[in-house]
Visitor: 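The structure is given below, and queries will be raised subsequently.
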Protein chains: 2
Amino acid sequence: MDTQRKKSKKRDAIIALLKSTKSHPNAEWIYATLKPEFPALSLGTVYRNLTQFKEDGVITSVANVGGQERYDADTNEHAHFICDCCGCVIDVEASTPLGKFALSAMEETGAVITGVKLQFHGLCGECAKK
Amino acid sequence: MDTQRKKSKKRDAIIALLKSTKSHPNAEWIYATLKPEFPALSLGTVYRNLTQFKEDGVITSVANVGGQERYDADTNEHAHFICDCCGCVIDVEASTPLGKFALSAMEETGAVITGVKLQFHGLCGECAKK
DNA sequence: TTCGTTGCAAACATTTTGCAGTTTC
DNA sequence: GAAACTGCAAAATGTTTGCAACGAA
């Protein structure tokens, strides 16, 4: 029942851009970055394709920073550091034990960690029954 | 230079409500729940007070579910389970090693975990300099 | 009487959607 | 040619803000 996908240059460009950056961009940045190459590009198209990519599991939204969703084409499970000041999102590689690992991983960058947010996503008991 | 706070029944009611629930509500729910008791309450007041509470460190926003911010008056660091179907947010207590702990913690509830989101918040190297 | 708080409505920002035209298969 | 894709603009949604009235110190 899934609707099938057809080829589209805009879509290709969007996913290629996402795969080429580690900046975990938002929709607006993707739009602005591709606009020179695709002058006719519209923001709605960016949003529509992002939604598709999420559905297809090709990307994930890693955070909501300042009310804007941030996307990542690296779907391997990994952690992120989010600056509460400038809003940048930085990959935190590895998967060693929690607090210690985080501190040492970010230490070299001069970052200061003030809090940890851990979210497990899935289906709750009620929803899993269906 | 911080502006000082005066007493306010509405504010008291909002924080009391937040402290009395484990449902990690959003602004709208708080508004709707208090409306009967405070018929004159306005949504703007709820948002303004939530912002204040966050500034004062009395609450934190634990997640953004379906575009709506979810708040928690329990500021002790703990994890959350978020149902991607119904949007409910459930506390995950304890702090044993990651994956295993999560699975066993939620197992009894019948929940199915499909992903983990770990975010470290703080200031990046650039911002920390200031 | 000073200054924080509130209701209300308007303003905002981000994201979604309807429609008509275009592209892909 | 059917169905997916797109631009555009309008709409929807969640949140913020300006202002005048109100309440606490």
Side-chain angles (χ1 to χ4, degrees), chain A residues 1-18 24-56 58-72 82 84 87 89, chain B residues 1-18 24-56 58-72 82 84 87 89:
Chain A
M1 211 82 305
D2 332 61
T3 91
Q4 53 191 330
R5 301 270 124 94
K6 290 185 176 174
K7 214 158 182 293
S8 145
K9 301 204 168 173
K10 312 261 170 83
R11 179 152 64 228
D12 291 348
I14 293 172
I15 191 63
L17 178 58
L18 269 163
H24 312 84
N26 56 25
E28 185 68 38
W29 183 89
I30 296 170
Y31 171 71
T33 304
L34 292 179
K35 190 71 174 173
E37 187 179 353
F38 299 91
L41 181 65
S42 103
L43 197 49
T45 296
V46 173
Y47 276 109
R48 268 187 283 234
N49 278 298
L50 287 173
T51 302
Q52 280 194 3
F53 291 141
K54 258 198 298 187
E55 281 173 12
D56 298 348
V58 178
I59 66 172
T60 50
S61 64
V62 293
N64 184 301
V65 180
Q68 299 186 176
E69 211 56 38
R70 304 287 289 262
Y71 300 93
D72 194 345
I82 297 160
D84 291 325
V89 178
Chain B
M1 213 81 306
D2 332 60
T3 92
Q4 53 191 329
R5 301 269 128 91
K6 289 184 176 174
K7 213 160 185 293
S8 144
K9 301 204 168 173
K10 312 258 171 84
R11 179 152 62 228
D12 291 347
I14 293 173
I15 191 64
L17 178 58
L18 269 164
H24 313 83
N26 57 24
E28 185 69 37
W29 183 89
I30 296 170
Y31 171 72
T33 304
L34 292 178
K35 190 71 176 174
E37 186 180 352
F38 299 90
L41 181 64
S42 103
L43 197 49
T45 295
V46 173
Y47 276 109
R48 268 187 286 235
N49 279 297
L50 287 173
T51 303
Q52 280 193 2
F53 291 141
K54 257 198 300 188
E55 281 172 13
D56 298 347
V58 179
I59 67 172
T60 51
S61 65
V62 293
N64 185 300
V65 180
Q68 299 186 177
E69 212 54 38
R70 303 287 291 262
Y71 300 93
D72 194 345
I82 299 160
D84 292 325
V89 178

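In what follows, every chain begins at residue 1, and chains take the letters A, B, ... in the order their sequences are listed. Values below: every heavy atom of this structure, side chains too, minus hydrogens, waters and symmetry copies.
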Visitor: Would you mind reading off the distance between Lys10(A) atom NZ and dA4(D) atom C1', rounded to a whole angstrom?
Guide: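 Atom NZ in Lys10(A) sits about 14 Å away from atom C1' in dA4(D).
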Visitor: Nearest-Å distance, CG (Asn64(B)) to C1' (dT15(C))?
Guide: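 Between C1' of dT15(C) and CG of Asn64(B): 12 Å.
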Visitor: Rounding to a whole Å, what distance do you find between Asp12(A):CG and dC5(D):P?
Guide: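 These atoms are roughly 11 Å apart.
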Visitor: Between Thr45(B) and Ile14(B), which heavy-atom pair has the shortest distance, and what is it?
Guide: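 Nearest pair, atom of Thr45(B) first, then Ile14(B): O-CD1, 4.4 Å.
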Visitor: Map Arg11(A) and Lys35(A) onto DNA chain D by nearest heavy atom, then report which one ends up closer to the 5' terminus.
Guide: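 The answer here is Arg11(A).
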Visitor: Looking only at heavy atoms, what is the nearest atom pair of Ile82(B) and Ala63(B), with distance?
Guide: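 Heavy atoms of Ile82(B) and Ala63(B) come nearest at CD1-CB, 3.7 Å.
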Visitor: Starting at CD1 of Ile30(B) and ending at P of dT6(C), how long is that distance when rounded to a whole Å?
Guide: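 Answer to the nearest Å: 14 Å.
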Visitor: Between Arg11(A) and Phe53(A), is there a donor-acceptor pair closer than 3.5 Å when you use the side chain of the first and the backbone of the second?
Guide: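 Here the side-chain-to-backbone pair does not exist.
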Visitor: Show the nearest heavy-atom pair for residues Leu50(A) and Ala27(A), with the distance to one decimal.
Guide: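 So the two residues come closest at CD1-CB, 3.8 Å.
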Visitor: Under 3.5 Å, is there any donor-acceptor pair linking the side chain of Lys7(A) to the base of dC25(C)?
Guide: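 No pair found.
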Visitor: Shortest non-hydrogen contact from Lys9(B) to Phe38(B)?
Guide: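 Looks like O-CZ, 4.2 Å.
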Visitor: Does OP1 or OP2 of dC5(D) have a side-chain N or O of Lys9(A) closer than 4.0 Å?
Guide: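 Answer is no, no contact under 4.0 Å.
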Visitor: For the pair Glu55(B) and Arg5(B), find out whether any cationic side-chain nitrogen is under 4.0 Å from an anionic carboxylate oxygen.
Guide: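 Yes, charged N to carboxylate O under 4.0 Å.
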Visitor: What residues in residues 39-52 of chain B put a non-hydrogen atom under 4.0 Å from any atom of DNA chain C?
Guide: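 Residues of residues 39-52 of chain B under 4.0 Å from DNA chain C: Ala40(B), Leu41(B), Ser42(B), Thr45(B), Arg48(B), Asn49(B), Gln52(B).
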Visitor: Please give me the minimum heavy-atom distance between Tyr71(B) and Asn26(B), naming the atom from each residue.
Guide: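 Scanning both residues completely, I find the closest heavy atoms to be CD1-CA, 4.5 Å.
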Visitor: Can you check the Arg70(A) CZ to dT14(C) P distance for me, whole Å?
Guide: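 In whole Å, dT14(C) P lies 12 Å from Arg70(A) CZ.
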Visitor: Can you check the Arg5(B) CZ to dT6(C) C1' distance for me, whole Å?
Guide: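 It works out to 14 Å between those atoms.
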Visitor: Taking all heavy atoms of Tyr31(A) and all of Leu41(A), pick out the closest pair and write down the distance.
Guide: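 Closest approach of Tyr31(A) to Leu41(A), heavy atoms only: CE1-O, 3.3 Å.
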Visitor: So which nucleotide from dT15(D), dT15(C), dA2(D) ends up closest to the side chain of Lys6(A)?
Guide: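 The answer is dA2(D).
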Visitor: Nearest 0.5 Å, what's the CD-CG distance between Gln68(A) and Asn64(B)?
Guide: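 Rounded to the nearest 0.5 Å, the CD-CG separation comes out at 12.0 Å.
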Visitor: With the side chain of Ser8(A) defined as its heavy atoms from C-beta on, choose the nearest nucleotide among dT5(C), dC5(D), dG14(D).
Guide: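 Nucleotide nearest to Ser8(A)'s side chain: dC5(D).
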Visitor: From CD of Glu69(B) over to C1' of dA13(C), roughly how many Å is that when rounded to an integer?
Guide: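 Glu69(B) atom CD is separated from dA13(C) atom C1' by 15 Å.
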Visitor: Rounded to 10°, tell me the angle between the two end axes of the helix from dT1(C)-dA25(D) to dC25(C)-dG1(D), each built from five pairs.
Guide: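 The end-segment axes of the helix from dT1(C)-dA25(D) to dC25(C)-dG1(D) are tilted 30° relative to each other.
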Visitor: Mind calculating the distance between CD (Glu28(B)) and P (dT15(D)) to the nearest angstrom?
Guide: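 It is 9 Å, rounded to the nearest whole Å.
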